[in-house]
2 protein chains.
Amino acid sequence: MTRSDRERDPDRSRAAILDAAEQLFAEHGYALTSLAEVGLRAGVSRGTPGYFFGSKADLYQAVLERSFDEVRTAVRSGRERALTGDHTAEEILAGAVSDYFDFLSARPNFVRLIEREALGGPARLGREDAPPLSAGEEALAAIAAELGLDPAPSGEAAQLLLSIVSLCWFPVVHADTVARAVGVDLSTPEAHAARKQHVVALVTGGLRALSSIRSDHLLQDASA
Amino acid sequence: MTRSDRERDPDRSRAAILDAAEQLFAEHGYALTSLAEVGLRAGVSRGTPGYFFGSKADLYQAVLERSFDEVRTAVRSGRERALTGDHTAEEILAGAVSDYFDFLSARPNFVRLIEREALGGPARLGREDAPPLSAGEEALAAIAAELGLDPAPSGEAAQLLLSIVSLCWFPVVHADTVARAVGVDLSTPEAHAARKQHVVALVTGGLRALSSIRSDHLLQDASA
DNA sequence: CCATACTTGCTATCCAGCAAGCAAGCGAAG
DNA sequence: CTTCGCTTGCTTGCTGGATAGCAAGTATGG
């Protein structure tokens, strides 16, 4: 072993505290997580989280920022990967939806943190949501360009993107509540895959429907 | 006035406490809501919530149960209304989705309570979710019968129903976080209506896609 | 006058933040 | 090379504020 666990190592401690805090904030929420618990899980003492991060609120902020950074870089690399090779627009959409579904499923901590934030976190986040917001804008521009949809805010592309996010997001949070209540099992990998397949089918089908609706409108406009 | 506000009236007090608690639990969550706050908002003293409901946990439970009851009766009456008159399956589906979208939008407290519950409420709800679960089963049976889909758990009807719930649910929670991040405005009634229209179009379009996929499978099966 | 509807005082618990202390590396003076 | 002293990592004791729940008190109406 390169270093004993007993040695002093601030980087290691910071990372361990961030990991512990992310897990506990995601699991129990801000109010129900004590700094003592964070220290315990991180293998440091009661006071160390406060020592490194100043206050509980600052620690929470640091957790959020680290999550956002991870997500942003992941979204970037995923997008690059999606555009390699030549595929039809529908294939690209299907692949992106599938990837995003897996992406969120693999990051329940992130999803839960944002969820709690949406419900009104510690203090209402009035600050700029720059990191995730920019990721959203990137995704919006990409989907609009790729599918030939209106890229305006609240336009077709934004609506479709929000639908995709809704469909991929919801099962992560509600596997044991709503999904169970409406009779969808999500506990096994197979069930998970089946859900993903349904979502992809719904979105690609919906894209066709949007196109045809737009065609209808064009026809109506032409005939008027 | 039939009764002075100063008179003793346990029913009135109980209802006021439930209203106040529902609002505060939905807004700030269980942990950040104190019984003193509930009493203050309900116009009673600090100790009255405890007097009527025993403990904070019991009060929370009572709030949830009242919400579930309301929702269940609302779902029943909405379903009856949907089946009056003769419409195509697609029209019925579109109407139901539209109604459900409005239904959830009009009940943010309910949505937020369930959301917090899904994130792991006060104590993990290991108890039976009988009320909402039965409402989900009713909806599942109805949608399967009406659209001629497979009513089995995790079958087509269940998947579609979960998608509908996802799409209608998400904007209520994430109007200021994710929706804003992907460029969808939901702040005005018009924007809200536009979102609803998109959801309805997506679901009805998705239904057609599901049908055609099933046809494909049938054709494949037949040709095999 | 008594049961019931409330209120108020009290206490035990929890926890965030601070402040003081201990210990481990580390560079420089001797 | 070694020891002295400073910086930094980390721990522990303490305090003040919040709050749930209980117990004792007060008031109101039948």
Side-chain angles (χ1 to χ4, degrees), chain A residues 1-64 116 120-124, chain B residues 1-64 116 120-124:
Chain A
M1 56 201 68
T2 58
R3 283 197 177 198
S4 159
D5 288 354
R6 280 288 171 190
E7 271 182 42
R8 308 205 314 185
D9 184 344
D11 290 345
R12 184 185 150 84
S13 292
R14 290 183 76 95
I17 289 167
L18 279 176
D19 289 343
E22 175 183 314
Q23 181 67 26
L24 290 170
F25 283 146
E27 198 168 339
H28 307 305
Y30 181 82
L32 287 182
T33 299
S34 73
L35 294 180
E37 260 179 302
V38 172
L40 184 66
R41 180 180 264 258
V44 296
S45 86
R46 200 183 89 227
T48 312
Y51 170 74
F52 278 110
F53 293 92
S55 73
K56 187 181 179 181
D58 289 340
L59 172 60
Y60 180 75
Q61 189 75 14
V63 167
L64 279 190
R116 293 189 186 278
R124 201 91 187 89
Chain B
M1 57 200 68
T2 58
R3 283 197 178 199
S4 158
D5 288 356
R6 281 286 171 192
E7 271 181 42
R8 305 199 323 181
D9 185 344
D11 291 345
R12 184 185 148 85
S13 293
R14 291 182 77 95
I17 290 167
L18 280 175
D19 289 343
E22 176 182 314
Q23 180 67 26
L24 290 169
F25 283 146
E27 198 169 340
H28 308 303
Y30 181 81
L32 288 181
T33 299
S34 74
L35 293 181
E37 260 179 303
V38 172
L40 184 65
R41 179 178 264 257
V44 296
S45 85
R46 205 184 85 226
T48 313
Y51 171 72
F52 278 111
F53 293 93
S55 74
K56 186 181 179 181
D58 288 340
L59 172 60
Y60 180 76
Q61 188 75 14
V63 166
L64 279 190
R116 293 189 186 278
R124 203 91 187 89

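Residue numbers start from 1 in every chain, and the chains themselves are labelled A, B, ... in the order their sequence lines are given, proteins ahead of strands. Note that the structure is predicted; figures quoted are calculated from it, not measured.
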Verdict with supporting geometry, B:Leu59 and B:Leu18, side-chain contact (heavy atoms from CB on, under 4.5 Å): CA-CA 8 Å; B:Leu59 172 60; B:Leu18 280 175; 4.2 Å; yes

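In terms of heavy-atom proximity, B:Val44 sits nearest to B:Pro49 at CG2-CD, 4.3 Å. In terms of heavy atoms, A:Ala42 sits closest to A:Ala16 at CB-O, 3.6 Å. For B:Lys56 against B:Tyr30, the heavy-atom pair with the smallest separation is NZ-O, 3.0 Å. Contact record, B:Glu27 with B:Arg116: O-NH2, 2.9 Å, taken as the closest heavy-atom pair. B:Leu32 and B:Glu37 get closest at one heavy-atom pair: O-OE1, 3.4 Å. Annotation for B:Ile17 and B:Thr48: closest pair CD1-CG2, 3.9 Å, computed over non-hydrogen atoms.
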Protein N or O to nucleotides 16-19 of chain D N or O, pairs below 3.5 Å:
none

Write out a two-atom table: protein N or O, nucleotide N or O from nucleotides 10-13 of chain D, distance below 3.5 Å.
from: D:dC10; atom 1: OP1; to: A:Asp9; atom 2: N; distance (Å): 3.4
from: D:dC10; atom 1: OP1; to: A:Ser13; atom 2: OG; distance (Å): 3.0
from: D:dC10; atom 1: OP2; to: A:Ser13; atom 2: OG; distance (Å): 3.1
from: D:dT11; atom 1: OP1; to: A:Ser45; atom 2: N; distance (Å): 3.3
from: D:dT11; atom 1: OP2; to: A:Ser45; atom 2: N; distance (Å): 2.7
from: D:dT11; atom 1: OP2; to: A:Ser45; atom 2: OG; distance (Å): 2.8
from: D:dT11; atom 1: OP2; to: A:Thr48; atom 2: OG1; distance (Å): 2.1
from: D:dT11; atom 1: O5'; to: A:Ser45; atom 2: OG; distance (Å): 3.2
from: D:dG13; atom 1: N7; to: A:Arg46; atom 2: NH2; distance (Å): 3.0
from: D:dG13; atom 1: O6; to: A:Arg46; atom 2: NH2; distance (Å): 2.6

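One can place CZ of B:Phe53 at 14 Å from C1' of C:dC6, the figure rounded to the nearest angstrom. Between B:Leu40 atom CG and C:dT7 atom C1' there is a gap of 14 Å when expressed in whole angstrom units. Atom NE2 in A:His28 sits about 12 Å away from atom P in C:dC15, given to the nearest Å.
For the atom pair CD of A:Glu22 and OG1 of A:Thr33, the computed distance is 12.0 Å after rounding to the nearest 0.5 Å.
Near-neighbour residues of DNA chain D inside residues 18-25 of chain A, defined by a heavy atom below 4.0 Å, are absent.
Between B:Tyr60 and B:Phe25, the angle of the ring planes goes over 60°, which puts this pair in the perpendicular group of the 30/60° scheme.
In this structure, the side chains of A:Phe53 and A:Gln61 stay at 4.5 Å or more apart for every pair of heavy atoms.
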